[in-house]
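Reading through the structure tokens given below for one structure.
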Amino acid sequence: MNHNLYAALRAAFPADLDSTAVETVGGAHAGLRYSWRDLDRASAMMANLLDSMKLPEGSRIAVQVEKSVEALVLYLATLRAGHVFLPLNTAYQAGEIEYFIGNAEPAVVVCSPANFGWVSKIAFKAGTRHVFTLGDDRTGSLLERAAHHSAEHTPAHNRAEDLGVIIYTSGTTGRSKGAMLSHGNMLSNAQVLREYWGWKPGDVLIHALPIFHVHGLFVAIHGALINGSPMLWLNKFEPRAVLELFPRATVFMGVPTLYVRLLAEPGLTKQQVAHMRLFISGSAPLLIETFEEWKTRTGHTILERYGMSETVMITSNPYAADARFGGASERRGGTVGFPLPGNELRVVDEDTKAVPVGEIGAIQVRGPNVFKGYWRMPEKTAEEFTADGFFKTGDVGRIDERGYVSIVGRSKDLIISGGYNVYPAEIEGYINEMPGVAESAVVGVPHPDFGEVGVAVVIAKPGASVKPDEVVSSLKARLANFKIPKRCVVVAELPRNTMGKVQKNLLRDQYKGLFA
Ligand code: MLC
Ligand code: AMP
């Protein structure tokens with residue numbers, strides 16, 4: 001049996017291949033319709049282009065391009081050809097890209113036409129032989145080259161455990177780690193979610209998330225494709241454009257910031273969402289206020305789920321009655337619901353013993369969705385798994401007497417800002433190298449729009465003066481914009497415990513009202 005993920009998605013395309021699979025909405029490239037046949041033929045052409053290059057097995061195809069349907073086609077083509085897709089956030093700057101390309105050693109790099117100069121320089125230096133461009137307006141050398149290839153292609157033969165995608169996640173210490181996901185990891189999760197969320201004929205998904213992380217790339221795209229459901233496709237999230245689409249759609253997925261921004265629109269009414277079936281939130285904690293306000297304004301109860309790059313989706317509130325949990329069908333705000341079918345989740349103490357119901361501990365998971373390990377980091381991988389094969393998520397939570405899981409914190413020092421992960425250690429590393437800086441601590445504080453944002457607390461070397469604005473502008477030149485602390489303060493000293501360790505909890509408390 002072929003476990004190639006594209007082959008499985010293709011098998012779910014509707015019988016009428018000329019019906020619409022994707023319609024672009026909003027922005028300069030609105031109004032384009034791609035049929036299922038278009039997706040199949042275009043991905044065949046790109047897959048044939050990749051085949052013609054005779055790349056070694058398991059070659060990485062690194063992609064940093066603006067969101068477009070052609071970028072989606074490139075993802076499908078990479079799976080189809082049996083290579084490994086490596087998506088990169090468009091906000092990453094040269095230093096970050098240099099690390100990813102150096103670490104992953106991709107055979108092919110695809111970048112935006114505007115970035116070809118600097119990206120190709122980095123890629124060629126790292127030994128990459130092929131660099132293509134792909135614009136969000138159907139331009140670029142990738143499409144020009146693919147145009148010469150046949151629109152028929154037989155998907156590569158893959159085993160379930162074959163690597164399909166590498167997603168880089170930042171590290172608590174040191175640099176980013178590439179989470180290796182197999183065709184089987186992604187397909188099993190897509191199949192489970194299709195059932196669990198009650199996908200059905202007639203569903204239409206609004207796709208307004210970036211496609212370089214698992215939420216937009218896997219949960220949303222696989223969900224629609226494996227159900228043969230069309231997508232209304234926005235290259236960028238715009239609350240008003242989304243609002244206008246609700247009468248034509250049934251499913252919406254967003255990080256909490258998207259819900260907060262939609263709630264700020266006076267046009268969000270029960271009538272406007274009458275056609276919608278399901279609103280799903282994830283990637284960051286959904287505030288109970290947002291959950292309640294959404295219910296009041298729209299009459300819909302947001303379904304919150306929980307996942308991560310290493311595991312894809314782990315838990316979900318129920319869409320319909322879940323027989324495994326006494327027929328519970330309530331979507332409970334402040335919880336992330338039940339472990340998904342086939343996925344085992346436990347909350348443990350420091351000795352890996354399950355804690356009693358209702359008590360807090362570390363969340364560990366095991367299942368067909370859990371990744372193979374970190375790219376070229378066998379020791380790190382071994383550290384993150386228990387002897388019996390559970391992955392240590394780094395999240396802290398509890399399970400209540402009804403089986404609902406809640407995330408109450410993180411053992412990893414991580415800030416989640418608007419659904420993007422920011423690791424303080426990385427930012428602190430850059431700040432600590434700046435002239436005049438003795439030490440720094442970056443902490444997350446509540447923010448009305450992004451949920452949480454970073455604040456940098458800096459101490460200067462004796463006799464030196466450090467200007468907060470200069471710290472921020474210097475970071476901006478080197479790091480992706482969403483990682484930049486929204487505020488920098490210079491102080492005389494940092495609070496420490498008896499071991500000399502900076503007490504970040506005290507800093508978080510001290511600055512929690514900054515953006516109130
Ligand atoms: C943008 N900015 C952010 C930010 N996004 N700051 C902090 N956190 C963020 N997430 C800042 C920029 O730095 C810039 O600042 C300014 O906002 C405008 O930039 P923009 O690009 O125009 O912003 P906007 O389009 O408004 O983006 C906001 C957003 C976006 C919420 C639409 O961040 C987004 O799409 N988030 C979704 C992330 C996501 O898909 N996560 C899934 C991860 S998967 P300045 O100062 O430079 O002007 C995962 C697993 C799971 O976690 O469970 O799903
Ligand atoms: P990433 O590594 O980018 O995939 O981010 C995964 C992390 O996002 C998880 O480990 C959680 O900390 C967090 N996360 C995802 N979904 C939720 C949620 N619904 N509630 C709280 N945290 C979440």
Side-chain angles (χ1 to χ4, degrees), residues 27 66-67 87 89-91 93 167-172 176-179 181 189 193 207-220 234-239 242 253-262 280-288 290-291 302-317 333-337 362-365 369 371 384 391-397 405-423 444 447 449-454 472-473 475-477 479-487 515:
E66 296 300 329
K67 184 176 174 184
N89 194 318
T90 46
Q93 308 265 352
I167 304 247
Y168 274 87
T169 71
S170 297
T172 309
S176 289
K177 311 171 296 247
L181 292 147
N189 209 236
L193 293 176
H207 194 303
L209 286 163
I211 57 169
F212 38 67
H213 288 304
V214 306
H215 197 161
L217 187 64
F218 298 164
V219 192
L234 291 96
N235 285 357
K236 193 170 162 40
F237 170 73
E238 292 289 349
V242 169
M253 295 183 191
V255 300
T257 300
L258 271 50
Y259 287 97
V260 170
R261 292 188 183 181
L262 282 163
I280 301 170
S281 174
S283 306
L286 181 71
L287 289 183
I288 193 79
T290 312
F291 175 85
I302 296 175
L303 179 154
E304 185 171 4
R305 69 14 169 223
Y306 156 59
M308 55 194 303
S309 305
E310 289 91 334
T311 62
V312 207
M313 296 302 102
I314 305 171
T315 73
S316 170
N317 269 280
T335 83
V336 291
I363 298 180
Q364 300 185 340
V365 292
N369 48 310
F371 76 140
E384 300 301 328
F391 172 63
K392 303 172 188 169
T393 63
D395 292 309
V396 174
V405 178
S406 304
I407 315 273
V408 300
R410 302 168 201 132
S411 58
K412 51 195 176 192
D413 189 13
L414 162 70
I415 300 167
I416 303 186
S417 187
Y420 287 140
N421 291 2
V422 181
Y423 279 86
H447 188 274
D449 183 29
F450 294 119
E452 201 178 16
V453 294
V472 170
S473 58
L475 287 174
K476 275 191 176 168
L479 287 170
N481 59 8
F482 63 88
K483 295 183 187 169
I484 310 302
K486 297 278 186 244
R487 197 70 65 82
F515 302 95

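Ligands are counted one by one from 1 in listed order, and the atoms in each one are counted from 1 as well.
- With hydrogens left out, the protein atom closest to atom 17 (C) of ligand 2 is Ala284 N, 3.7 Å, a heavy atom.
- Asn317 places a side-chain N or O within donor-acceptor distance of the main-chain N or O of Thr335, the cut-off being under 3.5 Å.
- Scored by the ring-ring contact (aromatic ring centres under 6.0 Å, His included) test, Tyr306 finds no partners at all (sequence neighbours excluded).
- From the protein, the heavy atom lying nearest to atom 15 (C) of ligand 2 is Gly307 O, 3.3 Å.
- The single protein non-hydrogen atom nearest to atom 6 (C) of ligand 2 is Met308 CB, 3.3 Å, given as residue, atom name and distance.
- Residues Pro485 and Leu475 have side chains in contact (heavy-atom distance under 4.5 Å, counting atoms from C-beta outward).
- The side-chain heavy atoms of Ile416 and Arg410, taken from C-beta on, include a pair separated by under 4.5 Å.
- Residue contacts with ligand 2, taken as heavy atom pairs separated by less than 4.0 Å, do not involve Ser281 at all.
- We find that Glu310 and Lys412 are not joined by a salt bridge, their nearest charged nitrogen and carboxylate oxygen being 4.0 Å or further apart.
- Nearest-heavy-atom check against atom 22 (N) of ligand 2 across Gly282, Gly419, Pro285 picks out Pro285.
- The distance criterion of under 3.5 Å between nitrogen or oxygen atoms is met by Asp395 with respect to ligand 2.
- The protein heavy-atom contact nearest to atom 20 (N) of ligand 2 is Glu304 OE2, 3.4 Å.
- Taking the six-membered ring wherever Trp is involved, the centroid distance between the rings of Phe450 and Phe482 does not fall below 6.0 Å.
- A heavy-atom distance below 4.5 Å is not found between the side chains of Phe218 and Met313.
- Residue contact check for ligand 2: Val214 places no non-hydrogen atom closer than 4.0 Å to it.
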Report each N/O pair between ligand 1 and the protein that falls under 3.5 Å, naming both atoms.
| residue | atom | partner | partner atom | Å |
| --- | --- | --- | --- | --- |
| ligand 1 | 6 (N) | Lys486 | NZ | 2.8 |
| ligand 1 | 8 (N) | Ser417 | O | 3.3 |
| ligand 1 | 8 (N) | Ser417 | OG | 2.8 |
| ligand 1 | 10 (N) | Ser417 | O | 2.8 |
| ligand 1 | 13 (O) | Asn481 | O | 3.4 |
| ligand 1 | 22 (O) | Lys236 | NZ | 3.2 |
| ligand 1 | 25 (O) | Lys236 | NZ | 2.5 |
| ligand 1 | 26 (O) | Arg261 | NH1 | 2.6 |
| ligand 1 | 26 (O) | Arg261 | NH2 | 3.4 |
| ligand 1 | 36 (N) | Gly418 | O | 3.0 |
| ligand 1 | 41 (N) | Gly419 | O | 3.0 |
| ligand 1 | 53 (O) | Arg305 | NH1 | 2.7 |
| ligand 1 | 53 (O) | Gly307 | O | 3.2 |
| ligand 1 | 54 (O) | Ser283 | OG | 2.6 |
| ligand 1 | 54 (O) | Arg305 | NH1 | 3.3 |
| ligand 1 | 54 (O) | Arg305 | NH2 | 2.7 |

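- Considering only heavy atoms from C-beta on, Lys177 stays 4.5 Å or farther from Glu384 through its side chain.
- By the 4.0 Å heavy-atom criterion, Arg305 is counted among the residues contacting ligand 2.
- Tested against Ile415, the residues Val453, Asn421, Val422 include a single side-chain contact (heavy atoms from CB on, under 4.5 Å) partner, Val422.
- Nearest protein heavy-atom neighbour of atom 2 (O) of ligand 2: Asn421 ND2, 3.0 Å.
- Checking only distances, Glu310 never comes within under 3.5 Å of ligand 2, N or O to N or O.
- Interface atoms of ligand 2 facing Ser283, defined by a heavy-atom separation under 4.0 Å, are 8 (O), 13 (C), 14 (N), 15 (C), 16 (N), 17 (C), 23 (C).
- Close approach of ligand 2 to Ser309 is summarised as follows: ligand atoms under 4.0 Å from at least one heavy atom of the residue are 1 (P), 2 (O), 3 (O), 4 (O).
- Heavy atoms of Ile416 found under 4.0 angstrom from ligand 2 belong exclusively to the side chain.
- Remark: distances from the non-hydrogen atoms of His215 to ligand 2 are all 4.0 Å or more.
- Between Thr290 and Pro256 there is no side-chain heavy-atom pair separated by less than 4.5 Å.
- The backbone N or O of Phe212 lies less than 3.5 Å from no partner atom in the side chain of Lys67, so there is not a single donor-acceptor pair.
- When atom types are taken as modelled, the side chain of Thr315 and the backbone of Val336 share a donor-acceptor pair closer than 3.5 angstrom.
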Practice problem: Please test Glu452 against His447 for side-chain contact (heavy atoms from CB on, under 4.5 Å), starting from the C-alpha separation and ending with a verdict. | Solution: CA-CA 5 Å; Glu452 201 178 16; His447 188 274; 5.8 Å; no
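- Against a heavy-atom cut-off of under 4.0 Å, Val336 is close to the following atoms of ligand 2: 18 (C), 19 (N), 20 (N).
- Considering only heavy atoms from C-beta on, Leu193 stays 4.5 Å or farther from Arg305 through its side chain.
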